Amino acid sequence: MEMSLVLIKPDAMERGLAGTIICRLEGLGLKLVALKMLHMDKALAERHYAPHREKPFFPSLLAYISSAPIAAAVFEGEGAVELIRKAMGATDPARAEAGTIRADFGLDIEHNAVHGSDSPATAEEEIRLFFSEDEIYNYHR
Ligand code: IDP
Ligand code: MG
């Protein structure tokens with residue numbers, strides 16, 4: 001079954017939005033199969049955001065994502081990646097569709113509340129960065 005990595009980013013943690021965001025994703029019918037808090041260090045941030053290494057905002061992104069603890073989650077379900085991307089909205093909250101998580105809670109293009117994997121293949125790689133196999137649970141929802 002398809003899985004996606006979700007991160008509740010520092011700006012959302014600092015405004016008490018972790019539960020609200022998890023609630024929205026559970027409300028899509030997706031199954032929460034892994035959940036933890038962690039403080040991303042520079043090494044993990046560099047690996048997670050490696051595709052953006054050459055972007056001008058990379059140093060700022062690393063500083064931001066490791067500025068406070070985050071919640072990391074794995075959601076499972078048919079079409080989980082696409083469902084979550086739709087529920088999150090566009091990267092820039094100012095351009096995100098009304099009712100999406102980023103439109104409702106994002107502050108700006110960097111501080112946009114939430115991360116969701118962009119493809120099933122990316123999801124597998126990202127999940128491996130954050131969770132060991134025994135931290136991913138199997139149960140009936
Ligand atoms: P995504 O999170 O919607 O997949 P990506 O393009 O993969 O967007 O960018 C990863 C993260 O980098 C974004 O969620 C955001 O936090 C940050 N970011 C993206 N574009 C910019 C930018 O132009 N300026 C500052 N930060 C950015
Ligand atoms: Mg992305």
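Both counts, for ligands and for their atoms, begin at 1 and track the order of listing. Note that the numbering runs from 1 along the sequence shown for the chain. Bear in mind the structure is a predicted one, so any value in this text is a computation, not a measurement.
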Legend entry - From CA spacing to verdict: side-chain contact (heavy atoms from CB on, under 4.5 Å), V33, F75: CA-CA 6 Å; V33 294; F75 282 92; over 6 Å; no
Legend entry - Heavy-atom donor-acceptor pair, N112 side chain to T91 backbone, under 3.5 Å: yes
Inset, instruction - Could you pull out every protein residue that has a heavy atom closer than 4.0 Å to ligand 1, ordered by chain and then number? - result: K9, Y49, H52, F57, L61, R85, T91, R102, I109, E110, N112
Legend entry - Y64 and H111 aromatic ring geometry - parallel, tilted or perpendicular at 30°/60° bounds: perpendicular
Inset, instruction - Kindly indicate whether the side chain of I8, heavy atoms from C-beta on, has any atom under 4.5 Å from the side chain of L17. - result: no
Legend entry - Test: K36 cationic atom under 6.0 Å from F130 six-membered ring centre, within 45° of axis: no
Inset, instruction - Test T20 against D104 for side-chain contact (heavy atoms from CB on, under 4.5 Å), laying out the working first. - result: CA-CA 11 Å; T20 300; D104 289 346; over 6 Å; no
